[in-house]
Amino acid sequence: MISINNLSFAFKKGEPLFSDLNWSLEPGKTYGLLGLNGAGKTSLFNIISGMLFPKDGECTFEGEPVRSRSPQFLSELFIVPEQFELPSMTGDKYVELHAPFYPRFDEELLNKALSELEVNSKKKISELSFGQQKKFLLSFALATNTKLLLLDEPTNGMDIPSKSHFRKLQASLDQPNRCTVISTHQVRDLGSMLDHVTILKDGKIIFNRSLDQIFEHLSFIKTESEDSGVYIYAEEILGGLHTIQSHKDEVRNDFDLELLFNGVIQQPDQINQQFNGGN
Amino acid sequence: MKTINQVKGFSKERFWQVVKRFWILNQKKWLIGFAGGSGILLVVYMLTSFQILDTSTPMPNSMAGVAIVALGLTLYKYGGYFLTSGIFNELGKKSSASQMLTLPATNLEKFVAGWFLSYFLYTIVVVGLLYIVGILLGINPILTSQQLSDPLVNMSNVYFLDTMLTFTALHSVFFLGSIYFDGNNFLKTLLAIVLTFAFLGILSLILISITPNEISFSYQFIHSPARLYLSAAIVKIAVAVFFLFLSYRQLQNRQVA
């Protein structure tokens with residue numbers, strides 16, 4: 001669906017943000033795009049959505065370069081940026097003006113999402129709190145039924161019940177043709193929604209695996225003592241260690257996305273080795 | 001809800017939806033502008049009417065009409081530049097640029113929709129209203145011209161046409177400014193125009209000072225109003241076409257702020 005080939009990008013000459021980046025996104029999957037601050041997650045979203053142009057290489061959607069910003073591509077894309085400003089109009093007016101551009105827009109789903117997230121679309125959206133605005137935009141985004149949905153820090157600014165409602169809403173949707181990419185630091189909020197993890201560091205993708213692959217090759221084991229055997233990465237927890245180890249069939253897997261993220265950032269080579277048959 | 005059939009190439013459906021969106025986003029500012037302009041014209045009309053009633057300083061009724069229409073045309077120009085500067089103001093902010101850049105319409109549809117609203121529709125409405133006001137005040141706005149000395153040239157509609165052409169040319173510059181600049185588009189475009197004219201003025205002074213005295217422009221060319229106005233008209237149309245082309249290219253290449 002989305003194919004990024006040998007992409008290079010820099011805001012300033014001599015300071016590349018991405019060089020020779022390759023990534024492909026498939027329909028029916030929910031990708032988690034993780035990275036430290038300044039890793040380039042938002043810029044990558046802007047490149048994928050055709051709002052930033054790469055210096056070299058290309059990003060295509062179903063074979064068509066995204067930088068052409070054709071309506072055929074844009075009607076299959078919806079992006080919820082981390083920071084956004086909605087126009088001064090009611091939610092209903094926003095829907096009336098924007099929904100017709102999306103061929104599979106689901107008004108019923110919109111109303112369901114607005115109701116579950118408790119957003120009043122009769123009010124002026126620009127006058128709602130940031131959290132309410134985000135809930136409105138997320139509801140609209142889900143209802144567009146676009147093939148590609150980019151969510152940049154979707155739960156930032158949302159209250160705890162709304163985060164839970166959003167997760168349930170997203171999980172309840174049967175969207176085999178939709179590819180959702182979630183960029184977030186809130187791995188505890190959204191970890192359960194993902195089925196693929198991609199980690200960016202220093203302008204490169206240092207980890208890109210499906211959850212199935214992760215469970216097949218890694219075990220996340222909590223141990224009570226420091227004498228926990230051979231581990232790739234470990235963090236102290238109350239009364240012991242939470243470790244990442246080579247896959248072990250017989251042990252309970254306490255998967256923790258935050259631990260995986262920290263492990264990949266600290267020990268990328270050792271963790272990636274596990275997927276290439278290394279021990 | 002009716003959805004738009006996403007066809008390749010220019011789509012009238014998408015175009016009208018973008019026009020509608022532009023109008024809804026800008027309507028408050030535009031309506032305030034229209035109300036303000038109408039208010040100014042009303043005040044000026046009342047002042048000139050009182051002057052007409054004052055028998056010590058008689059003023060022909062048509063003069064009041066000419067004053068109103070001339071002021072109206074001035075407001076039409078400067079109001080138009082101001083409103084045009086804001087037509088793409090979403091692009092100037094990182095937080096709102098995505099709304100416009102990812103709106104599923106072609107760059108051409110967005111470009112033509114912005115031009116249609118800020119130039120075509122604006123001109124039809126404002127000049128149409130001025131025309132009606134002029135008729136009501138007993139004058140034909142198209143005939144509000146200064147009398148020229150050359151009897152061979154019928155210049156009765158020069159003032160009106162000149163205003164329209166000047167607006168057409170400068171509108172295209174402000175249209176580019178609305179896409180190019182990130183915030184304060186009107187002031188930045190105005191400054192760019194002032195600096196360009198200052199540069200051209202200095203350049204022409206330098207050229208004149210280094211040009212030998214024996215080379216001079218044709219007397220006929222300089223002193224023929226028809227040719228002068230025709231040349232000015234061609235230059236203004238060329239400026240408009242050039243800046244509209246630049247605006248379209250700028251919109252095509254616009255990235256998130």
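All chains are named by letter (A, B, ...) in the order of the sequence lines, taking the proteins before the strands, and each is independently numbered beginning at 1.
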So OG of B/S98 and CD of A/E85: to nearest 0.5 Å the spacing works out to 10.0 Å
For residues 72-80 of chain B, dump all side-chain donor-acceptor pairs below 3.5 Å to protein atoms at least two apart in sequence or in another chain.
{"residue": "B/T74", "atom": "OG1", "partner": "B/A70", "partner atom": "O", "Å": "2.9"}
{"residue": "B/Y76", "atom": "OH", "partner": "B/T123", "partner atom": "OG1", "Å": "3.0"}

Is any side-chain heavy atom of A/E96 closer than 4.5 Å to a side-chain heavy atom of B/K20?
-> yes
A/H98 side, atom NE2; B/Q17 side, atom CD - distance, nearest 0.5 Å | 8.5 Å
So how far is it from A/K93 NZ to B/I24 CD1, rounded to the nearest 0.5 Å?
-> 4.0 Å
Hey, is CZ on A/F130 packed in by over 12 heavy atoms from elsewhere, all under 6.0 Å?
-> yes
Which portion of A/L110 sits near chain B, non-hydrogen atoms under 4.5 angstrom | neither
Interchain contact, A/F78 with chain B, by part (heavy-atom threshold 4.5 Å) = neither
Side-chain heavy-atom pair A/L74, B/L103 within 4.5 angstrom cut-off = no
Where does A/I79 contact chain B at under 4.5 Å (heavy atoms): side chain, backbone, both or neither?
-> side chain
Please examine the side chains of A/L86 and B/Q99, heavy atoms only from C-beta on, and report whether any two atoms are closer than 4.5 Å.
-> yes
Identify which part of A/Y94 has an atom lying under 4.5 Å from any heavy atom of chain B, answering side chain, backbone, both or neither.
-> side chain
A/R67 side, atom CZ; B/Q255 side, atom CD - distance, nearest 0.5 Å | 7.0 Å
Contact part of B/K2 toward chain A, heavy-atom cut-off under 4.5 Å: side chain, backbone, both or neither?
-> backbone
side-chain contact (heavy atoms from CB on, under 4.5 Å) partner of B/I4, the single match among A/P71, A/P100, A/S75, A/P103 = A/P100
Quick one: pull up CG in A/L97 and CG in B/L25 and give me the separation to the nearest 0.5 Å.
-> 7.0 Å
Using a cut-off of 6.0 Å, state whether more than 12 heavy atoms not belonging to A/E118 lie near its atom CD.
-> no
Quick one: pull up OG in B/S96 and CZ in A/F84 and give me the separation to the nearest 0.5 Å.
-> 12.0 Å
Side chain, backbone, both or neither: which part of B/N107 has a non-hydrogen atom closer than 4.5 Å to chain A?
-> side chain
Inspect the surroundings of NZ in A/K55 and state if more than 12 heavy atoms from other residues, nucleotides or ligands are less than 6.0 Å away.
-> no
Mark yes when over 12 heavy atoms from residues, nucleotides or ligands other than B/F186 sit less than 6.0 Å from its CZ; otherwise mark no.
-> yes
Those residues of residues 8-16 of chain B that come under 4.5 Å of chain A on a heavy-atom basis, listed by number, are B/K8, B/R14
Which heavy atom of A/F101 sits nearest a heavy atom of B/P104, and at what distance?
-> CD2-O, 3.2 Å
If only atom types and distance count, is the side chain of A/R69 paired as donor or acceptor with the main-chain N or O of B/Q252 below 3.5 Å?
-> yes
Are any side-chain N or O atoms of A/Q72 and backbone N or O atoms of B/V7, one a donor and one an acceptor, separated by less than 3.5 Å?
-> yes
